[in-house]
Amino acid sequence: TIRNMTRQDRASIPLIYTGGTIGMKEDPIEQTLKPFDFSQILAEVPELGKFAHRIDSYTFTPLIDSSDVEPKLWVSIADLIERKYNEYDGFVILHGTDTMAYSASVLSFMIEELTKPIIFTGSQLPIGSPRTDGKENLISSIEIAAAKDEAGHAVVPEVCIFFDNMLMRGNRTTKINSDNFRAFRSENYPLLAEAGINIRYNSSAILSPTDWNATPVFHKNLDTRVSILKLHPGITPQVVEHILCGNESRAVILETYGAGNAPSKQWFLDLIHKASEMGKIIVNVTQCLAGSVNMDIYATGKRLKDEGVCSGYDSTSEGALGKLFYLMGDSEDNETVKSRLEHILRGEISK
């Protein structure tokens, strides 16, 4: 049961603006898009005034275009949430759409024992545009971030993405469309909530902390020495060797065909063996938007498994990347990382 908020028990929600289209407004003189002052958010979205909530704003300086997102931004977001965790009931992060799934994925791993919602949202059109999707995304994200049950607990204590009326687990989400309001999909995990006339929560799909009174642990040491190798017909041994066996990376995400299939050519298998002998962490994820890796179906998959390649199961590439950044930052031992990859840490895989 979702409790209705009153002025007496209103929630406190910060809007954390990192950059992106949602915070842009057209300059009437120069006719160019410029970021607006989020402290004046009520002037742009007067509907927020109908909430009982206290809404604060934090704007990153400089603003980060989502194409320029780097790990230091994730650490800065985690720092801000850690400092303000006890002041707010939930957090809304406004972010560019291009790398939102990466940011939501890695942040989900950076925060252990989360007890409050962290909702990423943005828009395809600036919030000042007449047809913007930003207002609805923002309003619903705030409502979800503030939602509590009858026991006073957060309804969705997860790192999520809200877009086009859909609330999705952050580390299960991928951007699939660049020119449609329905920009994101969570193909391998059900929606956590759907906004219509009412917001309908899928409580059976939502994770809850083991201890609602726990103080979250923030893991801000990330090791980003990960490469992604997308297999394709005609790929050359030189390319595969450079990515699989290069000294620059500890881990490689292998984007394979179908249920985890790969070329059966001997040169490819030899390079997998060489990388494995070097101690590399290799994670097998499927190129398909939906479905899971199963290395026990085909002979090549079994060979990969025999060489120590780890299954990514039904993980997204973004989810696998965030998981590796976190695990590698937490341990210098590759065998320990491989072992922990098998475990479900933040609902990122199904087994």
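Please read these numbers as outputs of a predicted model, since none were measured by experiment.
Ion pair Asp330/Arg340 flagged as a salt bridge, since at least one NZ, NE, NH1 or NH2 atom sits closer than 4.0 Å to an Asp/Glu carboxylate oxygen. Using a 4.0 Å cut-off between a side-chain N of Lys or Arg and a carboxylate O of Asp or Glu, Glu241 and Lys274 qualify as a salt bridge. Contact check on Glu348 versus Arg169 returns no salt bridge, with no Lys/Arg side-chain nitrogen under 4.0 Å from an Asp/Glu carboxylate oxygen.
No more than 12 heavy atoms of other residues, nucleotides or ligands sit less than 6.0 Å from atom NZ of Lys72. For Lys305, the NZ atom is loosely surrounded, since the number of other residues' heavy atoms within 6.0 Å does not exceed 12. More than 12 heavy atoms of other residues, nucleotides or ligands shown are found within 6.0 angstrom of NE2 on His343.
The hydrophobic cluster containing Ile297, built from Ile/Leu/Val/Met/Phe/Trp/Tyr side-chain heavy atoms closer than 4.5 Å, also comprises Tyr298.
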Using distance only, find each side-chain donor-acceptor pair of residues 230-240 under 3.5 Å and give its atom names and separation, not counting sequence neighbours.
from   : atom 1 : to     : atom 2 : distance (Å)
Thr236 : OG1    : Val239 : N      : 3.3

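Between the side chain of Tyr85 and the backbone N or O of Lys116, at least one donor-acceptor pair lies under 3.5 Å. Side-chain N or O atoms of Ser315 include one that pairs as donor or acceptor with a backbone N or O of Ala320 at under 3.5 Å. Side chain of Arg172 to backbone of Ile349: a donor-acceptor contact under 3.5 angstrom is found.
Within the 4.5 Å cutoff, no side-chain heavy atoms of Arg250 are placed close to those of Val226. Residues Ile93 and Leu107 meet the side-chain proximity criterion, which asks for heavy atoms closer than 4.5 Å. You'll find the side chain of Ser350 stays beyond 4.5 Å of the side chain of Tyr313, heavy atoms only.
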### Query
Step by step, would you call Lys220 with Glu82 a salt bridge (charged side-chain N to carboxylate O under 4.0 Å, His left out)?
CA-CA 11 Å; Lys220 289 177 264 189; Glu82 184 175 26; 2.5 Å; yes
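For the salt bridge (Lys or Arg N to Asp or Glu O under 4.0 Å) test with Asp89, the passing option among Lys84, Lys148, Arg10 is Lys148; the others fail.
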